[in-house]
Amino acid sequence: MDYLANITHQDLQLSKLPIVVNIDAASPVTYPARHDLRYYLEVFVPEFYQGGFISLTTLEGSEEPSQTLAGITAYPGANFEIQDLLHGLVESCVPAFGLSQITICETMVRPYYTKAIRKNGTVLIDQTLLPSSYVFRGGFSENDYASYKSRFFTSYIGANRRFLTWKPDFATVRPNQPEYLSFLTNFSPTPAELRLRVEITYEDWSVETITAKTLTNVSSMAVYVVPVGPTVLNLQARMNANGKFVSRYKVWLSNENNERLSEERTYLIDNQPYRKVRFILFQNSLGCFDTLDCYGDGTANLKVQRETAEQFRGYEYLPGVSERVINRITGERELTVSVGYGRYNIKDLRDYWQELFFAEQVYLITDREHIPLTLVTDSYLTDDDREKLVGRTLTFRYTNPETSYSRLPVMAAAPVRPTGWRGDAQACELNQSTGLRNGKKRYGLLVKYFIDSGEDVKPRTQKSNIVGTEGYIPSWDSADCAAATTPFKNLLLTQTSIYKRNNCNIGQVGGNWSISIPANTYGSEISQGDADGKAQAAANAQDTQENANLNGTCIIPTPIPIGITNACPTASTQPIFAVIVGSDEIVTNTSYNTPTVRYAAAGLNAGTYNIDIRVAYAASPFVNFRLRIPSKGFDSGVLSGNQTYRIANITVNWGDSDLIIIGEPA
């Protein structure tokens, strides 16, 4: 079994679920009259796969009504839902008939970014480029949206390295069953190769591990379709060569070092004889394709509709002349199948079969092609406590109508005029996981042309230049695309983890760890904020309990020192401060302009505290000041006057740095 690869996953947004962008409200102090305020969101998407960004559209909106609670008015700003707009830009890929190699589905993931624009009437207030993100064509149950809306691809898919399917593990497959798994490369570092690894278990329980498929030139933030059926893995030939049957096999994806990138999925080969087995290929909720084997009884039905017209039979009204003639006959076929009674994962299968009812695309797999179907059955029994054998019957209608009958054999391909592909739209190639240029230039598009004359095929045919597809033109080295030429690169980012170590010895407590993203690790063609945003996303992705247990500190709990420093100048109109916790004054009045910290005699144990700062002036007019606690990210804003100011709900943790309060001029 391959060891796990050390990878960090990045999140995406799902196009079938709400994608909401909020633009902050304009300052109510600067703009007390709100009726002329207008908010705009401009959406940018790449012109083609890994191409430059173009403006898709600009949405206009007004801010949400203000909300007043306990005398405090909040301004929510303007919200824009853009999931419907982005959903139309991402598409699923139906596996090619007879697919036998790992292929990319370049249309399922698309980057985008937005620009927030605020105006007062026709006068521009400001405009801000928001960090870029990725949209993925798929969704999950709305009941899970609140918990997983921003963590699905990291906390669930990434953490478990899952393939993009809800199909239960240990599924049965027929020896000739087409079966596909889809995998998202939303992680870094991007592997140089994707290897389909297979562990084969024979009927005598002997085991063999092979590399069945290999794909080079792997792109990040892309979906790859992996054929894993017994036929394409050549398991039948292995049965014959070894003189024994394959009873089960396990598949996973690894990188070029045979380090495992994905989960492991096990398939049990079903060699039971059935009268007929039909395979239904359907799009699951995550936008990828699963296969359903239907080995129960099935029926096919043809229903025709005839369009008739009346005609004059002539003066003689001869008996052989029809007064009613048929203008057109249209036939619709229906297929009713039973999935049979499952032998493994019965309850899981019954729940999983609901996927078919949400499928946007369904196909019947025949001996020569995929035939599109529409599911006619519109209800599904999801649960029945009395049920012992789980099976279901489904009715489909063939999508395409028929007008005639034929049963022609497969015809040999006729000779055609030879064509090729030439490159178009040059651009620097980017590492999709970091946004940095990778030192290569590439063609973004391919144009089809006739090889004998060099002229373009009419009508002009274009497609994205995708590795593994017909006509692909590899990228080439180019000095003007070196990583250093990336327009925007992130600055050094250092932050303290949220997760603390939880596996320390008795008598110790776990501390945080410092997450650091070096400068120039991430880049952007858009803005500095986008480059820094990618670094921030990477730091957040590293903030896990597993990493905290590896990198966090273990300390003996000791009280955290607390103190205050007064940075206000020496003057009777400037404030001095005292610190009170509970009913105890732990730091007495400070003196003016004292850069050294005045500490309390005792520190604070871990807990949550209300810290009161008593402010006193010797004379008026009172000069404004503010209070800050840098280690807690607290800033009071502008204050003034003799008062006791409360800093509420400050959390103190074991291992925190000193809790230093700063009083300074506003």
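Quick note: numbers below take in every heavy atom, side chains included, and nothing from hydrogens, waters or symmetry partners. This one's a predicted model, so the numbers in the text were calculated from it and none came from an experiment.
For residues 82-111, the set of pairs meeting the salt bridge (charged side-chain N to carboxylate O under 4.0 Å, His left out) definition, not counting sequence neighbours, is empty. For residues 406-425, the set of pairs meeting the side chain to side chain donor-acceptor pair (under 3.5 Å) definition, not counting sequence neighbours, comprises R417-D452, R417-S453, R417-E455, R422-D456.
Closest approach of A212 and V198 over heavy atoms only: CB-CG2, 3.7 Å. Closest heavy-atom contact between S285 and W166: CB-NE1, 4.3 Å. Between E334 and Y398, the closest heavy-atom pair is N-CD1, 4.2 Å. Summarising the geometry of P111 relative to Y134, their closest heavy-atom pair is CB-CE2, 3.7 Å, with the distance given to 0.1 Å. Considering all non-hydrogen atoms of both residues, I269 and P175 come closest at CG2-CG, 4.2 Å. Nearest heavy-atom pair across G138 and L14 is O-CB, 3.3 Å.
A heavy-atom distance below 4.5 Å is found between the side chains of D169 and R265. Between L253 and L181, the closest side-chain pair of non-hydrogen atoms is not below 4.5 Å. Residues F170 and R248 meet the side-chain proximity criterion, which asks for heavy atoms closer than 4.5 Å. The side-chain heavy atoms of P230 and Y267, taken from C-beta on, include no pair separated by under 4.5 Å. Between L261 and L194, some side-chain heavy-atom pair lies under the 4.5 Å cut-off. Residues V376 and F396 fail the side-chain proximity criterion, which asks for heavy atoms closer than 4.5 Å. Two residues are said to be in side-chain contact when any heavy atoms from C-beta on lie closer than 4.5 Å; Q354 and T382 meet this criterion. Residues P95 and P227 fail the side-chain proximity criterion, which asks for heavy atoms closer than 4.5 Å.
Side-chain atoms of R197 and T211 include a donor-acceptor pair closer than 3.5 Å. E42 and S55 are linked by a side-chain donor-acceptor pair at a separation below 3.5 angstrom, with hydrogens and angles left out of the test. The closest side-chain donor-acceptor pair between Q361 and Y363 falls under 3.5 angstrom.
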Residues 300-310, side-chain donor-acceptor partners within the protein, below 3.5 Å, at least two apart:
unit_1, atom_1, unit_2, atom_2, d
E310, OE2, R324, NE, 3.1
E310, OE2, R324, NH2, 3.3

Identify all side-chain donor-acceptor contacts of residues 365-372 below 3.5 Å with residues at least two apart in sequence or on another chain.
unit_1, atom_1, unit_2, atom_2, d
T366, OG1, R368, N, 3.3
T366, OG1, E369, N, 3.1
T366, OG1, E369, O, 2.8
R368, NH1, L408, O, 3.3
R368, NH2, L408, O, 3.2

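For the atom pair CZ (F289) and CG (L281), the distance works out to 6.0 Å, reported to the nearest 0.5 Å. Taking CG of L12 as the reference point, atom OG of S150 lies at 12.0 Å (rounded to 0.5 Å). A distance of 8.5 Å separates CG of D297 from OG1 of T393, quoted to the nearest 0.5 Å. The structure places NZ of K149 at 11.0 Å from CG of L17, a figure rounded to the nearest 0.5 Å. To the nearest 0.5 Å, atom CG of residue N22 and atom CD of residue E64 are 8.5 Å apart. The CD1 atom of I102 sits 7.0 Å away from the OG1 atom of T214 when rounded to the nearest 0.5 Å.
Under a 3.5 Å cut-off, the side chain of K276 and the backbone N or O of G298 do not form any donor-acceptor pair. In terms of modelled atom types and a separation under 3.5 Å, the side chain of T185 and the main chain of S219 share a donor-acceptor contact. Counting only distance, with no hydrogens or angles, the side chain of R151 and the backbone of D11 share no donor-acceptor pair below 3.5 Å. Judged by distance alone, the side chain of T377 and the main-chain N or O of T395 form a donor-acceptor pair under 3.5 Å. Counting only distance, with no hydrogens or angles, the side chain of S338 and the backbone of G296 share no donor-acceptor pair below 3.5 Å. Within the 3.5 Å criterion, the main-chain N or O of S322 finds a donor-acceptor partner in the side chain of Q311. S15 places no side-chain N or O within 3.5 Å of a backbone atom of H87 that could act as its donor or acceptor partner. R392 places a side-chain N or O within 3.5 Å of a backbone atom of L381 that can act as its donor or acceptor partner. Of the possible polar contacts, one joining the K167 side chain to the T291 backbone as a donor-acceptor pair under 3.5 Å is found. Between the side chain of S100 and the backbone N or O of V232, no donor-acceptor pair lies under 3.5 Å.
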Exercise. Does the side chain to side chain contact (heavy atoms under 4.5 Å, CB included) test come out yes or no for L394 and F357, once each step is laid out?
Worked result: CA-CA 10 Å; L394 306 166; F357 287 75; 3.7 Å; yes

For this session: Mind running side chain to side chain contact (heavy atoms under 4.5 Å, CB included) on D270 and R174 for me, showing each step along the way?
Result: CA-CA 5 Å; D270 182 5; R174 300 291 297 170; 3.8 Å; yes

For this session: Carefully, step by step, assess V135 and L89 under the rule side chain to side chain contact (heavy atoms under 4.5 Å, CB included).
Result: CA-CA 9 Å; V135 62; L89 301 176; over 6 Å; no

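Under the ring pair (Phe, Tyr, Trp, His ring centres under 6.0 Å) criterion, F245 pairs with no residue at all, not counting sequence neighbours. Judged as a salt bridge (Lys or Arg N to Asp or Glu O under 4.0 Å), and not counting sequence neighbours, K448 has no contacts. Every residue two or more places apart in sequence or in another chain that forms a salt bridge (Lys or Arg N to Asp or Glu O under 4.0 Å) with E402 is listed here: R333. Looking at residues two or more places apart in sequence or on another chain, you find a side-chain hydrogen bond (donor to acceptor under 3.5 Å, both in side chains) between D290 and T165, N284, Y352. Taking the ring pair (Phe, Tyr, Trp, His ring centres under 6.0 Å) definition, one finds that Y295 meets it with Y274, sequence neighbours left out. Residues forming a disulfide (SG to SG under 2.5 Å) with C105 (at least two apart in sequence, or on another chain): C93. The side-chain hydrogen bond (donor to acceptor under 3.5 Å, both in side chains) search around K441 returns D480, not counting sequence neighbours. With sequence neighbours excluded, the residues satisfying side-chain hydrogen bond (donor to acceptor under 3.5 Å, both in side chains) with Y112 are Q13.
Open room surrounds CZ on F358; 12 or fewer heavy atoms of other groups in view lie less than 6.0 Å from it.
Between F187 and F183, the ring planes are tilted. Angles from 30° to 60° get that label.
Between Y113 and F44, a ring centre-to-centre spacing shorter than 6.0 Å is recorded.
For the side chain to side chain contact (heavy atoms under 4.5 Å, CB included) test with Y224, the passing option among L164, T103, L215 is L215; the others fail.
With salt bridges taken as basic N to acidic carboxylate O contacts below 4.0 Å, none links D383 and K347.
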